[in-house]
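In what follows, a structure is listed as structure tokens, so that the remarks can point back to it.
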Amino acid sequence: MGPITRRSLTVAAAGALAATVTAGDALAQGRGGEHRPEFRGMWLATVANRDWPSKPGLTADRQRAELLSFLDTAVRRRLNAVVFQVRPTADALWPSPYEPWAECLTGVQGRDPGWDPLGTAVREAHRRGLELHAWFNPYRIAGHTDPSRLIPTHPARVHPEWVVPYGGKLYYNPGLPEVRRFVQDAMLDAVARYDIDAVHWDDYFYPYPVAGQVFDDDAAYARYGAGFPDRAAWRRNNIDRLVYETAVRVKRLKRRVRFGISPFGVWRNRATDPLGSATTAGVQTYDDLYADTRAWVRRGWLDYIVPQVYWNIGFAAADYAALVPWWSEVVRGTGVNLYIGEALYKAGDPAQPAPWQDPAELSRHLTFGQGFPQVRGNVYFSAKEVAADRNNAMARVVADHYPHRVRPPR
């Protein structure tokens, strides 16, 4: 399979993705309907029970109560969107015909929890005037390398040729066309069945590099890599295809549903590429995750992008005050909305540098972003910290910047 050309994709994307109708027309405005729309979101993570459920095996009633409490927290913080992780490890938080029930619910992969978390989340979020963005991880299968720990009917057991162990985890191989089609089908089942407002991906494409280990895709590269200058270009093309094809399929299925991605905050350092940011980050998504995040924006494949700018203002290797202007220039003129991912989890953590001990650090981030009209909102990682607010950094953001509830951008 040869490379996708920029022109062919851009032309096709223009037809498939044009005239997007943003979701949420029926959402409540709250008191701030007259104010400038902005995106105020929080990630609600389920992988390894990070935020929710608090532990596996709770009763359905207890799980539901915890979920609704997080939605109420979002309203109390005057947020307007929840990014809910519904496919954490090649499993599902809805009755999927493609993949098993998620282990984080009952403690046993494939066991029916007795209710529909995604359906409930969509309904209850909308009832509260919140958008519900369904967050999927395309390729991660498990946080271990033992396929026998997956249920026998798991697609990774049925198709072991799809699986690559790496860094102590199992992944689907992005270089296989049948994998690309399967993961799209599995994710789009939720789009077809629920009134979600967006499909959302995080920063995991090819896995983050692990020293001394090799991601073994030799056979796939030998079969499909002809026509590419090197393996890196082929891998980037595999991810490009996944992004583009998903974008087109989402719009064909439900034009009003948006598609957004929250990548690691550094595309490339300027020393690597003159188009890159004034950073010296140890990871570059283009080179290490084979994710050409800048191109996806410039080609108009996304409705929004949420770079994870998880560093303080003044951080030497990746300064918040350098990355926000860089991303603002990337989205300029594209029609892609820019929301900034915020590391609320660092606020008040004694292991973090001194700026994160200051409750005003995050508020300063939003003040800084006000100088860039391309910045249309912020998303906080993650829900547990939005609720607990260890050093009142979130309360400070709300007091300084969120006097009213407002709609997300159209």
Side-chain angles (χ1 to χ4, degrees), residues 24 38-54 66-89 91-93 102 104 117-118 120-122 124-125 128 130-138 140 143 187 190 196-205 208 258-265 293 302-311 327 337-349 356 362 365-366 369 375-390 393-394 397-398 402 408-409:
E38 65 176 330
F39 196 85
R40 303 172 181 174
M42 71 178 188
W43 281 287
L44 179 55
T46 60
V47 64
N49 298 91
R50 201 278 176 193
D51 293 326
W52 178 89
S54 57
E66 287 188 356
L67 179 61
L68 298 188
S69 177
F70 276 121
L71 300 182
D72 290 338
T73 293
V75 172
R76 189 172 68 253
R77 298 296 193 187
R78 299 185 186 133
L79 306 182
N80 53 29
V82 173
V83 185
F84 183 36
Q85 191 174 33
V86 300
R87 187 179 184 264
T89 50
D91 48 20
L93 271 74
C104 66
L118 176 54
T120 300
V122 170
E124 294 295 334
R128 289 162 172 77
L130 298 164
E131 289 191 350
L132 196 290
H133 292 221
W135 167 16
F136 306 86
N137 186 283
R140 182 174 56 213
M187 293 183 286
I196 65 173
D197 296 291
V199 169
H200 182 101
W201 294 351
D202 54 14
D203 53 322
Y204 292 95
F205 297 98
Y208 280 83
R258 282 159 288 164
F259 181 34
I261 295 178
S262 59
F264 180 78
T293 54
L302 307 179
D303 294 296
Y304 68 82
I305 193 160
V306 193
Q308 296 175 24
V309 188
Y310 282 179
W311 306 283
W327 280 105
N337 279 338
L338 172 62
Y339 315 137
I340 305 299
E342 302 287 348
L344 177 62
Y345 71 96
K346 291 185 175 181
D349 180 351
W356 292 106
L362 277 185
H365 290 191
L366 273 68
V375 176
R376 302 299 306 277
N378 304 79
V379 187
Y380 303 94
F381 191 88
S382 63
K384 190 160 59 177
E385 285 77 18
V386 171
D389 201 15
R390 180 166 35 203
M394 191 70 212
V397 165
V398 175
Y402 297 164

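Scope of the values below: all heavy atoms of this structure, side chains included, with no hydrogens, waters or symmetry mates.
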Under the ring-ring contact (aromatic ring centres under 6.0 Å, His included) test, which residues partner Tyr339, sequence neighbours left out? Phe39, Tyr304
For Ile261 and Thr293: C-alpha separation, side-chain torsions, deciding distance, then whether side chain to side chain contact (heavy atoms under 4.5 Å, CB included) applies. CA-CA 9 Å; Ile261 295 178; Thr293 54; 5.6 Å; no
Could you check His200, His133, Glu342, Gln85 and say which one makes a side chain to side chain donor-acceptor pair (under 3.5 Å) with Trp43? His200
Any chance you could lay out the side chain to side chain contact (heavy atoms under 4.5 Å, CB included) test for Val306 and Val83, step after step, and finish with the verdict? CA-CA 11 Å; Val306 193; Val83 185; over 6 Å; no
Mind telling me whether Phe381 and Tyr310 have parallel, tilted or perpendicular rings, with 30° and 60° as the class edges? tilted
Side chain to side chain contact (heavy atoms under 4.5 Å, CB included) for Trp201 and Met187? Distances and angles first, verdict last. CA-CA 11 Å; Trp201 294 351; Met187 293 183 286; 3.4 Å; yes
Sorted by chain and residue number, the ring-ring contact (aromatic ring centres under 6.0 Å, His included) partners of Trp356 (sequence neighbours excluded) come out as His365
Determine, stepwise, if the pair Leu93 / Thr46 fulfils side chain to side chain contact (heavy atoms under 4.5 Å, CB included). CA-CA 9 Å; Leu93 271 74; Thr46 60; 3.9 Å; yes
Within 45° of the ring axis of Tyr204 and under 6.0 Å from its six-membered ring centre, is that where the NZ or CZ of Arg140 lies? yes
May I ask you to say whether Arg50 pairs ionically with Glu385, meaning some side-chain N is under 4.0 Å from a carboxylate O? yes
Euclidean distance, Asp202 CG relative to Phe205 CZ, rounded to 0.5 Å: 7.5 Å
Roughly how far, to the nearest 0.5 Å, is the CG atom of Leu67 from the CG atom of Leu71? 5.0 Å
Spacing of Leu130 atom CG and Glu124 atom CD [to the nearest 0.5 Å]: 10.5 Å
What heavy-atom pair brings Ala347 and Arg390 nearest, and what distance separates the two atoms? O-NE, 3.1 Å
May I ask you to check whether Phe70 and Phe84 place their ring centres under 6.0 Å from each other? no
Closest contact, heavy atoms only, Asp197 versus Glu131: OD2-CA, 3.3 Å
